[in-house]
Number of protein chains: 2
Amino acid sequence: MQLEIHNMAGYLIRRLNQISMSVFQERMKELGLTMTSVQFAAMYAVKANPGIDQARLAGVIAYDRATIGGVIDRLESKGLVERRVCDHDRRARIVSLTSEGDALLEKLVPLVRDFQDDILSGLSDVERAEFLRLATKAADAGNDLSRAPLILDKKA
Amino acid sequence: MQLEIHNMAGYLIRRLNQISMSVFQERMKELGLTMTSVQFAAMYAVKANPGIDQARLAGVIAYDRATIGGVIDRLESKGLVERRVCDHDRRARIVSLTSEGDALLEKLVPLVRDFQDDILSGLSDVERAEFLRLATKAADAGNDLSRAPLILDKKA
DNA sequence: CCTGAATAGTGTGTATACTTACTATTGATC
DNA sequence: GATCAATAGTAAGTATACACACTATTCAGG
């Protein structure tokens, strides 16, 4: 039995997101870790942006401020990141990786890169490339429609 | 500043899902409703499958049992669906639309169909069709990777 | 320098989306 | 027909992902 909703963009995207998160979770489990894709992205962005604060971190990976707070809480309690008050703006909290966090990230990056294709395992190489091209274009165009848009080049 | 993660399948899919949910929420708000895309899909599937119970409903729209319970709770408290114990299997709960639920769904279906294209507003008609074809193929192939796979034709 | 707008982070509340564990059934098997 | 595996639903716990309101702080203008 096929419902009309099964062909709708919103439904298909939700399904792909379920599959994507499940693949990530499964791979981490195989490595004996409890890292989520969201936590990985946050750590990656922290490493790529030394001295970043929570608000800009949220913008770089398109989360809202409340969500990033919880993500950093959990990474902090696992000893993977640290938070400290910014020197010249005491409202802001600078997030940085601990040495354990840095070591873990270094280990994870190639692994995560390698299983990305598994998420789209049903597609050929050509199809996957085309899917990613279209997804990038759509995500870019729809950025402002999202509640937590991606915010880049906000600073030097 | 472009991070490597911005080109990864998992990240792009998460972004598209944020955009998709946001568009749905926004349209509902314009109509003065507080319906989520998940609740809409549940109501749609209930209507399309008269006499369905919660477990099979979960399978038809690829939720897990615990999630569907909460979704039905909220729809029930809004007076849009009803739950009753199944006659020949007292473990199961049969879900059905109330008359208000049915009327609301009838009103929403064409509206929801019409704004699906807004989710992929950055794509041309040809690109959108190709994206949907590839997304369908990928979601289908990845079905068993998801924690809550789509389960169809389980019965007569 | 003072006031008011804007911003960073947090707290609360809601809604998915899952896990594991539990109860109540059902059905299958000996 | 008693037992035992399997199933339906729920409960409790964790983790996004948002809204809204609040405090602390910064900054812009007069």
Side-chain angles (χ1 to χ4, degrees), chain A residues 10 14-15 17-26 28-29 34-42 52-59 61-78 83-95 146-149 151 154-155, chain B residues 10 14-15 17-26 28-29 34-42 52-59 61-78 83-95 146-149 151 154-155:
Chain A
R14 185 180 65 82
R15 284 294 291 137
N17 199 43
Q18 282 180 307
I19 291 165
S20 166
M21 306 232 287
S22 176
V23 167
F24 196 101
Q25 217 66 16
E26 203 60 41
M28 290 304 117
K29 202 173 179 181
T34 53
M35 168 94 31
T36 67
S37 54
V38 161
Q39 290 168 11
F40 171 79
I52 200 170
D53 60 67
Q54 289 186 202
R56 282 197 294 126
L57 177 57
I61 45 182
Y63 298 177
D64 76 304
R65 278 183 317 175
T67 299
I68 204 74
V71 173
I72 299 298
D73 279 348
R74 287 179 284 277
L75 287 174
E76 195 176 32
S77 73
K78 287 194 276 191
R83 230 189 302 226
R84 68 163 211 279
V85 175
C86 177
D87 290 333
H88 50 280
D89 185 346
R90 300 217 310 285
R91 293 170 303 181
R93 300 286 178 278
I94 305 298
V95 184
S146 136
R147 290 356 209 102
I151 303 169
K154 233 328 186 8
K155 64 124 215 173
Chain B
R14 184 181 66 82
R15 286 293 293 133
N17 200 43
Q18 282 180 305
I19 291 165
S20 166
M21 306 233 285
S22 178
V23 167
F24 196 101
Q25 217 66 19
E26 203 59 42
M28 291 302 116
K29 202 173 178 181
T34 53
M35 169 90 34
T36 67
S37 54
V38 161
Q39 291 168 11
F40 171 80
I52 200 171
D53 60 69
Q54 289 186 201
R56 281 198 292 128
L57 177 58
I61 46 182
Y63 298 178
D64 75 302
R65 276 182 319 173
T67 300
I68 204 72
V71 173
I72 299 298
D73 279 348
R74 287 179 284 277
L75 287 174
E76 195 176 33
S77 72
K78 287 195 275 190
R83 231 190 300 227
R84 68 164 210 279
V85 175
C86 176
D87 289 333
H88 50 280
D89 186 346
R90 300 216 313 284
R91 291 171 304 182
R93 301 287 180 276
I94 305 297
V95 184
S146 137
R147 290 352 209 110
I151 303 169
K154 217 8 179 340
K155 65 123 218 175

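So you know, we letter chains A, B, ... as the sequences are listed, proteins then strands, and number each from 1. None of the values given here were measured: they were computed from a predicted structure.
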- request: Walk me through it: do A/Gln25 and A/Thr36 pass the test side chain to side chain contact (heavy atoms under 4.5 Å, CB included)?
  value: CA-CA 6 Å; A/Gln25 217 66 16; A/Thr36 67; 4.1 Å; yes
field: For A/Ile52, side chain to side chain contact (heavy atoms under 4.5 Å, CB included) partners two or more places apart
entry: A/Asn49, A/Arg56, A/Leu57, A/Val60
- request: Heavy atoms only: give me the nearest B/Gly10-A/Ser20 pair and the separation to one decimal.
  value: CA-OG, 3.4 Å
Identify every side-chain donor-acceptor pair in residues 65-73 of chain A under 3.5 Å, counting partners at least two apart or on other chains, and give the distances.
residue : atom : partner : partner atom : Å
A/Thr67 : OG1  : A/Asp64 : OD1          : 2.4
A/Asp73 : OD1  : A/Arg83 : NH2          : 2.4

statement: Hits for salt bridge (Lys or Arg N to Asp or Glu O under 4.0 Å) against A/Arg91, two or more places apart or cross-chain, chain-then-number order -> A/Asp89
- prompt: Looking at five pairs on each end of the helix from C/dC1-D/dG30 to C/dC30-D/dG1, what is the angle between the two axes, given to 10 degrees?
  reply: 10°
statement: Whichever of A/Asp53 and B/Arg90 has the more 5' nearest nucleotide on DNA chain C, that residue is A/Asp53
- request: Would you mind reading off the distance between B/Arg93 atom CZ and D/dG9 atom P, rounded to a whole angstrom?
  value: 7 Å
- prompt: What is the per-nucleotide protein-contact pattern of nucleotides 11-23 of chain D, from the 5' end, where B denotes a base atom under 4.0 Å from a protein heavy atom, S denotes such proximity for sugar-phosphate atoms only, and - denotes neither?
  reply: ----SBBBB----
Validation row: B/Arg14, B/Gln18 side chains within 4.5 angstrom (heavy atoms): yes
message: Going 5' to 3' along DNA chain C, between which two nucleotides do contacts with chain A fall, using a heavy-atom cut-off of 4.0 Å?
response: C/dA6 to C/dC18
message: Test your reading of the model: is there a side-chain donor-acceptor pair from A/Tyr63 to the backbone of A/Ala42, 3.5 Å cut-off?
response: no
- request: State, to 0.1 Å, how close B/Ser37 and B/Met21 come at their nearest heavy-atom pair, and which atoms those are.
  value: OG-SD, 4.2 Å
- request: Using atom CD1 of B/Ile94 as one end and atom C1' of D/dA8 as the other, report the distance to the nearest whole Å.
  value: 11 Å
message: Tell me every residue that passes side-chain hydrogen bond (donor to acceptor under 3.5 Å, both in side chains) with B/Ser146, counting only those two or more places apart in sequence or in another chain.
response: A/Arg15
task: Please list, chain by chain and in numerical order, all residues satisfying side-chain hydrogen bond (donor to acceptor under 3.5 Å, both in side chains) with B/Gln39, sequence neighbours excluded.
output: B/Lys78
